[in-house]
There are 2 protein chains.
Amino acid sequence: MAKDAKQEGLTKLELKMMQAVWRLGSCTVSDVQEQVEPPLAYTTVQTMLNILERKGKLRRRLQGKAYVYSAVMSEAKALGEAVRDLVDRMFGGSSEELVMSLVKSRQINRKRLAELSERLQRNEEER
Amino acid sequence: MAKDAKQEGLTKLELKMMQAVWRLGSCTVSDVQEQVEPPLAYTTVQTMLNILERKGKLRRRLQGKAYVYSAVMSEAKALGEAVRDLVDRMFGGSSEELVMSLVKSRQINRKRLAELSERLQRNEEER
DNA sequence: CATAATGTCCTAACACATTAGGAGTTGATG
DNA sequence: CATCAACTCCTAATGTGTTAGGACATTATG
């Protein structure tokens with residue numbers, strides 16, 4: 001059980017970095033630097049990627065003269081964890097409450113939700 | 001338009017404080033201190049509440065010798081904003097993607113979602 | 001009245017996020 | 001070989017979140 005990296009909780013900039021890496025797949029500091037908005041100094045990007053590696057969110061290996069970074073966790077999984085975190089912290093662990101909040105605050109309307117739900121049901125059947 | 005308080009983004013402890021205030025309604029520093037877990041020094045709670053007041057999330061008025069704090073925004077509204085924030089930052093603004101992530105990561109199953117959706121539809125009709 | 005209790009304000013200390021500069025290494029080039 | 005470009009590592013400065021102590025004011029109590 002050698003898991004020292006407590007997941008959960010990317011900061012704003014860390015998230016941007018991760019999103020760049022997810023988009024790019026395996027990539028170097030320069031690759032990320034080109035992607036990231038607003039522009040940041042090379043060394044700033046480097047620092048962030050190294051921090052993320054220390055935290056266990058990225059892995060890296062030397063390829064030629066530069067390190068190549070890649071994500072440890074898939075974007076889908078990270079999204080799932082972020083949602084679970086929100087649900088735990090703000091909705092008392094109830095994902096249904098989250099969905100209801102989405103409706104109540106008009107971020108999704110009932111009809112679209114019903115359609116989406118139906119679509120997902122059909123997906124299940126044809127598996 | 002005198003709005004200096006940029007909403008969005010409660011930190012972990014700030015959120016706990018807000019949750020205590022939402023639970024309690026109008027309350028004093030001591031009230032919150034009793035609620036909050038793990039225990040914090042009186043002055044720590046006081047500092048946090050004052051910070052939240054400075055940020056425009058709480059208002060306070062002197063009642064007798066102590067200040068009484070209350071939330072500026074309802075919990076429901078704050079939940080809605082928190083969700084919107086997550087959707088914007090992680091799901092490219094698509095709340096449907098969020099719901100799908102909920103299903104994909106098995107935080108809600110298709111059947112429960114369908115039932116919930118149906119229940120919400122009925123709610124709408126009988127309004 | 002002296003003092004204890006309760007509360008306010010100010011301030012500090014520590015942690016960590018964000019931003020970036022500078023020194024040093026290494027491979028390519030004139 | 002001297003130099004340049006690309007890269008790494010180390011370090012620092014600034015900001016803000018979290019935690020709490022201490023000084024001072026006001027009210028209640030022996």
Please state how far atom [atom1] in [X] lies from atom [atom2] in [N], giving the value in whole angstrom units.
X     : N      : atom1 : atom2 : answer
A/L49 : C/dA17 : CG    : P     : 15 Å
B/L13 : D/dT16 : CG    : C1'   : 13 Å
A/M48 : D/dC9  : CE    : P     : 16 Å
B/E37 : D/dT18 : CD    : C1'   : 17 Å
A/K12 : D/dG17 : NZ    : C1'   : 14 Å
A/R54 : D/dT8  : CZ    : C1'   : 15 Å
A/Q63 : D/dA6  : CD    : C1'   : 16 Å
B/E14 : D/dT16 : CD    : P     : 12 Å

Indicate, with a heavy-atom threshold strictly under 4.0 Å, whether A/I51 touches base, sugar-phosphate, or nothing.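 If one applies the 4.0 Å heavy-atom cut-off, A/I51 turns out to touch a base.
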Which residue, A/L13, A/D31, A/V32, forms the side chain to side chain contact (heavy atoms under 4.5 Å, CB included) with A/V45?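 Filter result, single survivor: A/V32.
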Ion pair check, B/R122 and B/E118, cut-off under 4.0 Å: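 Judged by the 4.0 Å cut-off on N to carboxylate O distance, B/R122 and B/E118 do form a salt bridge.
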Hey, are B/K55 and B/E14 close enough for a salt bridge, meaning a charged N less than 4.0 Å from a carboxylate O?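 Salt bridge present between B/K55 and B/E14.
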Check: [X] side chain, [Y] main-chain N or O, donor-acceptor pair, under 3.5 Å:
X      : Y      : value
B/Q121 : A/R110 : yes
B/Q33  : B/P39  : no
A/T47  : A/T43  : yes
A/S95  : B/Q107 : yes
A/D85  : A/A82  : no
B/Q63  : B/T28  : no

Bend angle of the helix from C/dC1-D/dG30 to C/dG30-D/dC1, end axes from five pairs each (to 10°):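 Both end axes considered, the difference amounts to 30°.
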Per-nucleotide protein contact string for nucleotides 1-13 of chain C (B base, S sugar-phosphate only, - none; heavy atom under 4.0 Å): -----SSBB----
For C/dA17, take OP1 and OP2 only and decide whether either is under 4.0 Å from a side-chain N or O of A/K55.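 Checking C/dA17 against A/K55, a side-chain N or O does come within under 4.0 Å of OP1 or OP2.
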Spatial distance of atom CG (A/L15) from atom CG (A/L10) [nearest 0.5 Å]: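 Rounded to the nearest 0.5 Å, the CG-CG separation comes to 6.0 Å.
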If you take any heavy atom closer than 4.0 Å to DNA chain D, which residues from residues 18-26 of chain A end up in contact?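 Contacts with DNA chain D under 4.0 Å: none.
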Are more than 12 heavy atoms, taken from residues, nucleotides or ligands other than B/R112, located less than 6.0 Å from that residue's CZ atom?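 Counting neighbours around CZ of B/R112, 12 or fewer heavy atoms of other residues, nucleotides or ligands fall under 6.0 Å, so no.
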From the set C/dT19, C/dA17, D/dG17, return the single nucleotide nearest to any side-chain atom of A/T11.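 Among C/dT19, C/dA17, D/dG17, the one nearest the side chain of A/T11 is C/dA17.
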